Amino acid sequence: MNIQALLALIFMVPLLASGEDGYRLWLRYERLSAERAAECKTAVSSLWIRGESPQLAAAAAEFRLAMAGLTGSEPVTVTRPFKGGIAGAHPRGISAPHSTPGLLVMGAAGHPDIKPLLADGATALCGDEGFLIRSLTLQSQPVILVTANSDAGVLYGVFALIRLMQTGESLTHLDILEKPAYGLRLLNHWDNLNGTVERGYAGHSIWWNRSESLEELAVQYRDYARANASVGINGTVLNNVNASPEVLKPENIARFAAVADLLRPYNVRVYMSVNFSSPAVIGGLPDSDPLKPEVAAWWREKAREIYAAIPDFGGFLVKANSEGQPGPQNYGRTHADGANMLAQALKPYNGVVMWRAFVYNPTSEDRHRQAYNEFMPLDGQFAENVIVQVKNGAIDFQPREPFSPLFGAMQKTPLMVEFQITQEYLGFSDHLVYLAPLQKECLDSDTWSKGPGSTVARMTDGSLFPHPLTAIAGVANIGRDTNWCGHHFAQANWYAFGRLAWNHQLTSQQIGREWLRMTFSGSEAFTAPALNIMMRSREAAVKYMTPLGLHHLMGWSHHYGPEPWTDLKNARPDWLPKYYHNASAHGIGFDRSPSGSNAVEQYFPPLRQMYSQPGTCPENLLLWFHHLPWDYTLASGESLWNTLCHNYYEGVEEVRRFQMSWDRLKGYIDAERFAHIQKKLKTQTREAIWWRDACLLYFQTFSKQEIPASLERPVHDLEELMKQKFDLTHHN
Ligand code: BDP
């Protein structure tokens, strides 16, 4: 079947709803109340589509699907809604009575039929992919106009209009202009060609090693693309950053091309992670030295081959010289040498290179310092189509970290934030942890690099430094599980990442509320308590896992449960929790102050000074920056040991409260998803207690202090916990 035929077919296939299994994500389009359905039908009863493109066809198909579900009837598509043509239809016509059924007009602003409806420059602030939604009256006909500078923008506008319908917002007097904060808004799939997913907890890869034919997969891929388009995600990296050179073989390029064809109507471009030593491994060259002309020529030829198959291919994502991955340093070259050579190959096609700053090599140096030390000297040396992709935290994706000091510091190079949506260090798909607050915490952090207000968001979205290339990425939590993400609430993290990539000024509450209304129920009696759980969930996880700035206390091989005691003979020190927590009879924490590794010097004043002193360091990062005695007194007047105990216990109490609140929500949503979440919360509570006991009992062997008598006794025995072998099988 050719791609046109396939696309025509999949637009018509209804959603695969089979009970409330979570497959439909936030695009459920369940029937609204009779009153609200009538309101939506009055707002739009017919549809006038101006222009022709796969994106417009997708937008129209989506709108019909949404209306059919939400209101029970589809709008009629009209071809000549105005007598005398559009020229006769003037936007300042007589205002129509509200009960007159409305017309939805969708099309790009440059279309001859849309142009007369807009003042000159009306969409100038929309950029390439933003949109304008506006209520008009034309020849006494109420109209909602969705327009943009591109059909992709129209698609996003239509999804925004549908969201208004889903979330009970007013549909009259609309005048909404939006422009995405970042140009490239990407998911990174850590999917291997054999179908496994690195740090994936929702089943195997949706992309690789599938037994189904592409025709069979087309609907699933369409629904993946719809979900992304609905939040504005416009790109996806289909394979793991620990990339196999094989990905560049013709059969895999063909697979990328086939997927790209299916995602294109939803404006989702495909990108590829590449292995730096590919020229030597699959190209037969003696090595992959980026400064050798034959290596550069090999990549140029690969780029030509890829673009011949995928004309709008997005570019490469590269993890180099990190965790054993090859890179330019293997040949005595720099990150810039490597990135620029690839950038050169992609440049004729407008492709980009996303070069990761997650460099992690065995050294005796504080890991916090590594990325900054390696990348700062290269600032200004990268080609224009290179963007450096930096994890939100200074080291990795821990439950809480200070933001990476590269943000704000590297000013001559565009930087993009990489978040982890998959919950590698946050309970996999077993724990309910809403990540918008974590992402907001990073984006809203003030780097002070250009005085107050130099937030990470503004440092990366082009507003403080006019880099034309702006981007943001999230490591996907998507797999073959029917509900896509393993935990129904983990879908919120996919959703929230997309929403923040589009508009980082949205609040976590706004995003959470929208998501709940679309995914579960519009009833405030449900959304208010459920949102409350979401909003507290990240802090709860920090408390029962790594409070007060502690980090990397998890088992080093699985990253799931607590193993602060892990000690391996001949292991690199930075593999071991002990390296990070440093617990001893003297105290606990990593000294990154001037008396220690002095990582604080990588931050701008006044952060540098603030982090340097335990008295001014924010309590939630205290042990990240300081090694303190067990009896150190905190601002509250409590000792460090007691505060640690209270944090761990409070984390557990929070999850118990979540369980109780959830139990009270029975009956508000379908029994299927309710029970699934209830079961997960039970697991989460059990595991929060496990974390609490393991960490406190272990640290107690150093502190030699009692757990305050007001707190319940631990339920575990330390020796038993230390002997326990963690079984990962049920998590994949
Ligand atoms: C670490 C993960 C590892 C990833 C690495 C990365 O444990 O699986 O490959 O990050 O981001 O946190 O490259």
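Counting starts at 1 for both ligands and their atoms, following the listed order. These numbers were taken from a predicted model, which means no experiment stands behind them.
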(request) Between Asn242 and ligand 1, find which residue part has any heavy-atom pair under 4.0 Å and reply side chain, backbone, both or neither. (result) side chain
(message) Quick test: of every protein heavy atom, which one is nearest to atom 5 (C) of ligand 1, and how far off is it to 0.1 Å?
(response) Glu323 OE1, 3.3 Å
(message) Using a 4.0 Å cutoff against the non-hydrogen atoms of Arg199, which atoms of ligand 1 qualify?
(response) 2 (C), 3 (C), 7 (O), 8 (O)
(message) I need the nearest protein heavy-atom contact for atom 12 (O) of ligand 1: residue, atom name and distance, please.
(response) Asp396 OD2, 2.7 Å
(request) If you have a sec, work out which protein heavy atom is nearest atom 7 (O) of ligand 1 and how many Å separate them, to one decimal? (result) Glu424 OE2, 2.4 Å
(message) For Leu186, run the side-chain contact (heavy atoms from CB on, under 4.5 Å) check against Val237, Asn228, Ile233, Ile472 and tell me which one passes.
(response) Val237
Would you give me the side-chain donor-acceptor pairs under 3.5 Å for residues 543-550, sequence neighbours excluded?
| unit_1 | atom_1 | unit_2 | atom_2 | d |
| --- | --- | --- | --- | --- |
| Tyr544 | OH | His431 | ND1 | 2.8 |
| Tyr544 | OH | Gln684 | NE2 | 3.1 |

(message) Among Tyr580, Phe403, Tyr360, Tyr603, exactly one meets ring-ring contact (aromatic ring centres under 6.0 Å, His included) together with His368. Which residue is that?
(response) Tyr603
(request) Taking only Lys NZ, Arg NE, NH1 and NH2, and the carboxylate oxygens of Asp or Glu, determine whether Glu401 and Lys391 approach each other closer than 4.0 Å. (result) no
(message) Looking only at distances, can you tell me whether any N or O atom of Trp190, backbone or side chain, sits closer than 3.5 Å to an N or O atom of ligand 1?
(response) no
(request) Taking ring pair (Phe, Tyr, Trp, His ring centres under 6.0 Å) as the test, write out the residues that go with His581, two or more places apart. (result) Tyr698, Phe699
(message) Students should be able to answer this: which protein heavy-atom is nearest to atom 13 (O) of ligand 1, and at what distance?
(response) Lys319 NZ, 2.6 Å
(request) Report the nearest protein non-hydrogen atom to atom 8 (O) of ligand 1: residue, atom name, distance rounded to 0.1 Å. (result) Glu198 OE2, 2.3 Å
(message) For Tyr224 together with His189, are the ring centres under 6.0 Å from each other?
(response) yes
(request) Examine Phe256 together with Trp208 and report whether their ring centres are nearer than 6.0 Å. (result) yes
(message) Show the atoms of ligand 1 that are less than 4.0 angstrom away from any heavy atom in His559.
(response) 7 (O)
(request) Heavy-atom contacts with Phe358 under 4.0 Å: which atoms of ligand 1 show up? List them by number with element. (result) 5 (C), 6 (C), 10 (O), 11 (O), 13 (O)
(message) If you take the centroid of each ring, where Trp contributes its six-membered ring, are Phe316 and Trp299 closer together than 6.0 Å?
(response) yes
(request) Please could you name the atoms of ligand 1 that Lys391 approaches to less than 4.0 Å, counting only its heavy atoms? (result) 1 (C), 5 (C), 6 (C), 10 (O), 11 (O), 12 (O)
(message) Below the 3.5 angstrom mark, is there an N/O of Tyr425, backbone or side chain, next to an N/O of ligand 1?
(response) yes
